Amino acid sequence: MARFIELHDAVNDGKPVLINVDWIASVSISVEHTAVHIGVKSDRNGGSRLFSISVKESYYAVKEMLV
């Protein structure tokens, strides 16, 4: 069963967003926000790419939710 965490979109007025932790590829600190990189399947051949979302939570707060 998938596990989700609720974060707040830094670009979209802090609106909440649920993210499936199984799809998170990495979390990094950017200049003003924390960037969450999510692996997304993008084509029928199994290719994929990373989608990034900037969130208001600190890197350390996201880390605590994941570990």
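None of the values given here were measured: they were computed from a predicted structure. All values below come from the heavy atoms of this structure, side chains included, with hydrogens, waters and symmetry mates left out.
- A distance-only check finds no donor-acceptor pair linking the side chain of Glu57 to the backbone of Thr34 [under 3.5 Å].
- Cluster partners of Phe4, by chain and number: Leu18. The rule joins Ile, Leu, Val, Met, Phe, Trp and Tyr whenever side-chain heavy atoms lie under 4.5 Å apart.
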Taking only distance into account, with no hydrogens and no angle test, what donor-acceptor pairs under 3.5 Å do side-chain atoms of residues 60-67 form with protein atoms, sequence neighbours excluded?
none

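- Judged as a side-chain contact (heavy atoms from CB on, under 4.5 Å), and not counting sequence neighbours, the contacts of Ser54 are Ala10, Val11, His33.
- Qualifying side-chain contact (heavy atoms from CB on, under 4.5 Å) partners for Leu50, counting only residues two or more places apart in sequence or in other chains: Ala25, His37.
- Shown here for Val17 and Asp9, the closest heavy-atom pair between the two residues is CG1-N, 4.4 Å.
- Shortest non-hydrogen contact noted between Ile29 and Tyr59 is CG1-CB, 3.4 Å.
- Judged by distance alone, with hydrogens and angles left aside, the side-chain atoms of Asn20 form a donor-acceptor pair with the main-chain N or O of Asp22 at under 3.5 Å.
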